[in-house]
Amino acid sequence: MIAPRPDQPFVRMARMEDLDALFALAGLSGGGMTNLPQDREALQGRLEWSERSIAADITAPQDEFYMLVLEDGAGAVIGTASIFSRVGAQWPFYSYKVARVTHVSRGLDRMFSTHVLHLVNDFDGASEVAGLLLHPDARAHGLGAMLARSRFLFIAQHRERFGDQVVAELRGWMEGRTSPFWDAVAGPFFGGDMLEADLFNAMHGNQFIADLMPRYPIYTSMLPAEARAVIGRPHEGSAPAYRLLLAEDFLDDGYCDIFDAGPTVHARTDHIRTICECELIDPDVPIRATKDTHRLIAAGRLRDFRVWKED
């Protein structure tokens, strides 16, 4: 079967023996990545979940999780990314939807317009791409883009395992280890800081959000200016991933994360650029290739899945 050269960086499915490398990568994230928690036990649980998902014989998405890693060509793991087949299966998938409202007083001859945050579950049932992280020393030669796009090629290779919509949550803007949005909105309800809540979410699920989160719309005009300024703003480390998703025809139309207000973008699965433009060049193996100038090759299914750049 066609395969990358032995010295060539490539993406493959994660294995249990990658735990140490993934734990080291998680330590470089700076926190705030729910799907790559800085906790060894939680990461081991993610790997076990991925291996169960690969082994499952299914024809429709249920509640699977797939973890990918990027090898540097010398056997070292230098990046990771993941895919959830169906969010909202175990617990609701919460987002804030930003809407504009206008109030008018004829008596005062005054009109006031502001934004309102509505707590919604609009993406329950969608698939999610998540957990993208590349080692700082490897952020060159298009490796980050290859790792990010490998998730879409995995979906294309296993289309029956994913939904008709794909969503992605981007980390929100932080000042050091502090989130202005968390401090103003969620912090008073949950207690502790955002990174503690993020880790709890990764390890125990988000039922606590339903238990404690404010249930009424939030007028942004009542928030501090620092919190308003970061609504829908990606973390500086997530900005390249955000631009790549927009280039893949994801939409940013006013959804944001309830913890840090990072943008939540979404796309119809079969409209994602890498998926709709890749071509099946060998249906028996199968092998796919993207049509753009910097072609990616995807070969194999499930445990044998690989992605690399064409020479």
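In this text, all values refer to a predicted model and were calculated from it rather than measured experimentally.
Side chain of Lys97 to main chain of Asn121: no donor-acceptor pair is present (N/O by atom type, distance under 3.5 Å, no hydrogens or angles). For Arg288 (side chain) and Ala156 (main-chain N/O), a donor-acceptor pair under 3.5 Å exists by modelled atom type. Not one N or O on the side chain of Arg303 forms a donor-acceptor pair closer than 3.5 Å with the backbone of Met13. Under a 3.5 Å cut-off, the side chain of Thr220 and the backbone N or O of His115 do form a donor-acceptor pair. At distances below 3.5 Å, at least one donor-acceptor pair connects side-chain atoms of Ser150 with backbone N or O atoms of Leu147. A donor-acceptor pair under 3.5 Å is formed between the side chain of Gln8 and the backbone N or O of Lys309. Checking side-chain atoms of Asp18 against main-chain N and O of Arg15 turns up a donor-acceptor pair under 3.5 Å. Remark: side-chain polar atoms of Glu248 are paired, donor with acceptor, to backbone N or O of Thr274 under 3.5 angstrom. Looking at Arg149, its side chain never comes within 3.5 Å of a backbone N or O of Leu244 through a donor-acceptor pair.
Across Pro263 and Asp252, no two heavy atoms sit closer than the pair CB-OD2, 3.9 Å. Among all heavy-atom pairs drawn from Leu223 and Phe181, the shortest one is CD1-CE1, 4.4 Å. Of all the heavy atoms in Ala26 and Pro37, the pair that sits closest is CB-O, 3.6 Å. When every heavy atom of Ile287 is checked against every heavy atom of Leu280, the shortest pair comes out as O-CD1, 3.4 Å. Residues Cys278 and Ile275 approach most closely at SG-O, 3.4 Å, considering heavy atoms. When all heavy atoms are compared, the tightest approach of Leu302 to Ile54 is CD1-O, 3.7 Å.
Between atom CG of residue Leu70 and atom OG1 of residue Thr80 there is a gap of 9.0 Å, rounded to the nearest 0.5 Å. The CZ atom of Arg306 sits 12.5 Å away from the CD atom of Gln157 when rounded to the nearest 0.5 Å. Atom CG of Asp63 is separated from atom CZ of Arg52 by 9.0 Å, given to the nearest 0.5 angstrom. Put simply, CZ on Phe10 and CG on Leu296 are 14.5 Å apart, with the number rounded to the nearest 0.5 Å. Considering CG of Asp124 and CZ of Arg86, their distance stands at 8.5 Å, rounded to 0.5 Å. Note that CZ of Arg106 and CE of Met111 are 9.0 Å apart. Values are rounded to the nearest 0.5 Å.
Under the 30°/60° scheme for interplanar angles, the aromatic rings of Trp49 and Phe84 are found to stand perpendicular. Between His266 and Tyr255, the ring planes lie perpendicular to each other; the angle is over 60°, past the 30° to 60° tilted range. Aromatic ring pairs are classed by plane angle as parallel below 30°, tilted from 30° to 60° and perpendicular above 60°; the pair His235 and Trp173 is tilted. Between Phe259 and Trp182, the angle of the ring planes goes over 60°, which puts this pair in the perpendicular group of the 30/60° scheme.
When the shell of 6.0 Å around CE of Met222 is examined, it contains 12 or fewer heavy atoms from other residues, nucleotides or ligands. In the displayed structure, His118 atom NE2 is contacted under 6.0 Å by more than 12 heavy atoms of other residues, nucleotides or ligands. Within a 6.0 Å sphere centred on CZ of Arg159, other residues, nucleotides and ligands contribute more than 12 heavy atoms. With a 6.0 Å radius and a threshold of 12 heavy atoms from other residues, nucleotides or ligands, His141 has its NE2 atom at or below the threshold.
Contact check for Ser127 versus Thr269: no side-chain heavy atoms found under the 4.5 Å cut-off. Considering only heavy atoms from C-beta on, Cys276 stays 4.5 Å or farther from Asp270 through its side chain. Side-chain contact check for Val166 versus Ile83: every heavy-atom pair is 4.5 Å or farther apart. Side chains of Phe123 and Thr264 form a contact here, defined as non-hydrogen atoms less than 4.5 Å apart.
The side-chain hydrogen bond (donor to acceptor under 3.5 Å, both in side chains) test with Gln44 singles out one residue from Glu41, Glu48, Arg40, and that residue is Glu48.
Glu175 and Arg233 are not joined by a salt bridge, as no carboxylate oxygen comes within less than 4.0 angstrom of a charged side-chain nitrogen. The pair Glu279-Arg295 meets the salt-bridge criterion, with a side-chain N (NZ, NE, NH1 or NH2) lying under 4.0 Å from an Asp/Glu carboxylate O.
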Let me see the working for Leu132 and Arg151 under side-chain contact (heavy atoms from CB on, under 4.5 Å), right down to the final yes or no.
CA-CA 10 Å; Leu132 178 67; Arg151 299 173 299 184; 3.9 Å; yes
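Between the side chains of Gln62 and Ser85, no donor N or O sits under 3.5 Å from an acceptor N or O.
For His158 and Phe162, the distance between ring centers is not under 6.0 angstrom.
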